[in-house]
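Report on one structure; see the data block that follows.
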Protein chains: 2
Amino acid sequence: MNFEDKLRASGLRPTKQRLRICKILFDRDKTFHFLVKDLVETLNQKYDEKKISVATVYNTVHAFKKSGYLKQLNIDTIHHYYDTNVSHHHHFFDESTKELIDLNNDQVEKIEIKKTLPGKTISSVEILVKIENK
Amino acid sequence: MNFEDKLRASGLRPTKQRLRICKILFDRDKTFHFLVKDLVETLNQKYDEKKISVATVYNTVHAFKKSGYLKQLNIDTIHHYYDTNVSHHHHFFDESTKELIDLNNDQVEKIEIKKTLPGKTISSVEILVKIENK
DNA sequence: TTCTTTTTTAGAATGATTATAAACTAGATA
DNA sequence: TATCTAGTTTATAATCATTCTAAAAAAGAA
């Protein structure tokens with residue numbers, strides 16, 4: 001799916017700013033974890049004729065999250081990461097570097113939750129493996 | 001361990017304010033999950049002759065966290081929960097009510113992580129089970 | 001073009017948390 | 001008990017990510 005379609009599928013017109021955001025987020029073959037402030041910085045370094053506003057970046061990220069192209073991760077106390085890998089998977093969080101690393105489903109034994117809660121249904125099961133330097 | 005000792009063990013003098021915080025946090029037999037803002041509110045409702053300042057509450061909570069009497073949980077996007085249950089365990093997070101529920105180790109099959117990362121060691125493995133109303 | 005709607009933007013507002021610096025207290029000592 | 005000193009509390013300001021606002025700019029249709 002090209003960027004224009006991705007944008008239109010999210011109910012957004014393919015504007016210059018939004019296409020630039022797409023280029024950075026999806027123009028790669030690997031998973032990409034990012035903080036919005038880093039994304040803004042990257043955009044403004046790359047296209048420095050005119051700075052993109054934080055509001056636009058937030059709006060676009062939210063629209064992508066809503067339409068399922070991004071997943072939000074709350075790991076660190078303050079910052080919220082986004083992940084371009086929206087398939088079900090888990091994460092390592094490197095406490096030394098504050099880096100996120102994907103941990104695929106098939107790299108973890110199936111998790112069985114023995115406790116059930118009446119009237120409730122499980123919407124997701126996520127493992128966070130915190131790691132640090134040996 | 002009484003509150004005075006708990007405080008002294010955290011390198012804190014047992015002041016009136018800190019004892020009040022202890023009373024609310026540890027004077028119960030069950031796990032207690034809380035947000036700092038709720039704790040401040042509770043304190044000020046209970047002892048309303050003179051309001052306790054947020055700074056004191058944060059300082060005390062941080063000291064307890066540092067000395068291992070509290071565990072911090074980053075689940076919700078904005079708020080950070082603290083948990084008086086510092087033993088290793090997992091959580092349900094009810095997305096409908098924003099409530100946290102403990103999930104003990106023995107209620108989950110042992111998790112095996114097949115992926116290893118060179119130079120890194122695992123410091124914790126935490127499961128977050130998101131639930132919602134059926 | 002011209003019109004209407006959507007988008008972008010700078011800057012203000014918000015809300016949790018942290019820092020600051022001055023007033024206050026605990027505990028020790030004389 | 002009075003005094004001293006270090007630790008504590010507090011109000012207030014500062015910070016930082018995020019959201020809101022309202023006006024200017026751009027897109028797309030007619």
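Just so it is clear, the structure is predicted and the values come from calculations on it, not from any experiment. Below, read A as the first sequence line, B as the second, and so on, with proteins coming before strands; counting in each chain starts at 1.
- The phosphate of D/dT10 has OP1 or OP2 within less than 4.0 Å of a side-chain N or O from B/Q17.
- Counting to the nearest Å, the C1' atom of C/dT14 and the OH atom of A/Y58 are 13 Å from each other.
- Not one side-chain nitrogen or oxygen of B/H80 sits closer than 4.0 Å to the OP1 or OP2 atom of C/dA16.
- Residue A/R13 has no polar side-chain atom (N or O) positioned under 4.0 Å from OP1 or OP2 of D/dA26.
- Residue B/S53 has its side chain nearest to D/dT9 when only D/dA17, C/dA16, D/dT9 are considered.
- Side-chain N/O atoms of B/T56 include one lying less than 4.0 angstrom from OP1 or OP2 on D/dT10.
- Atom CG of B/D38 is separated from atom P of C/dT17 by 10 Å (rounded to the nearest Å).
- Here the P atom of nucleotide C/dA16 and the OH atom of B/Y81 are 12 Å apart, to the nearest Å.
- Where B/V36 and B/R8 meet DNA chain C, the nucleotide closest to each residue was compared, and B/V36 sits on the side nearer the 5' end.
- Computed from coordinates, the B/H62 NE2 to C/dA19 C1' distance equals 13 Å when rounded to whole Å.
- Going from atom NZ of A/K51 over to atom P of C/dG11 covers 15 Å, rounded to whole Å.
- Residues B/P14 and B/A55 both approach DNA chain C. Their nearest nucleotides, taken by heavy-atom distance, put B/A55 toward the 5′ side.
- Side-chain proximity of A/K37 to C/dG27, D/dA17, C/dT7: nearest is D/dA17.
- In this structure, of D/dT8, C/dT7, C/dA16, it is C/dT7 that holds the atom nearest to the side chain of A/T15.
- Per the geometry, CG belonging to B/L12 stands 10 Å off C1' belonging to D/dT8, to the nearest Å.
- Taking a 6.0 Å sphere around NZ of B/K66, one finds it holds 12 or fewer heavy atoms contributed by other residues, nucleotides or ligands.
- Judged by distance alone, the side chains of B/H89 and B/D102 do bring a donor and an acceptor atom under 3.5 Å apart.
- In this structure, B/Y47 atom OH and D/dT10 atom P are separated by 14 Å, rounded to whole Å.
- More than 12 heavy atoms of other residues, nucleotides or ligands shown are found within 6.0 angstrom of NZ on B/K115.
- Cation-pi geometry between A/R20 and A/Y47 is satisfied (NZ or CZ under 6.0 Å from the ring centre, within 45° of the ring normal).
- A/N59 has its CG atom 13 Å from the P atom of D/dT21, to the nearest Å.
- Because its NZ or CZ atom is both nearer than 6.0 Å to the ring centre of B/F26 and within 45° of the ring axis, B/K6 counts as a cation-pi partner of that residue.
- Listed nucleotides C/dT9, C/dG27, D/dT10 differ in distance to B/I52; the shortest reach to its side chain belongs to D/dT10.
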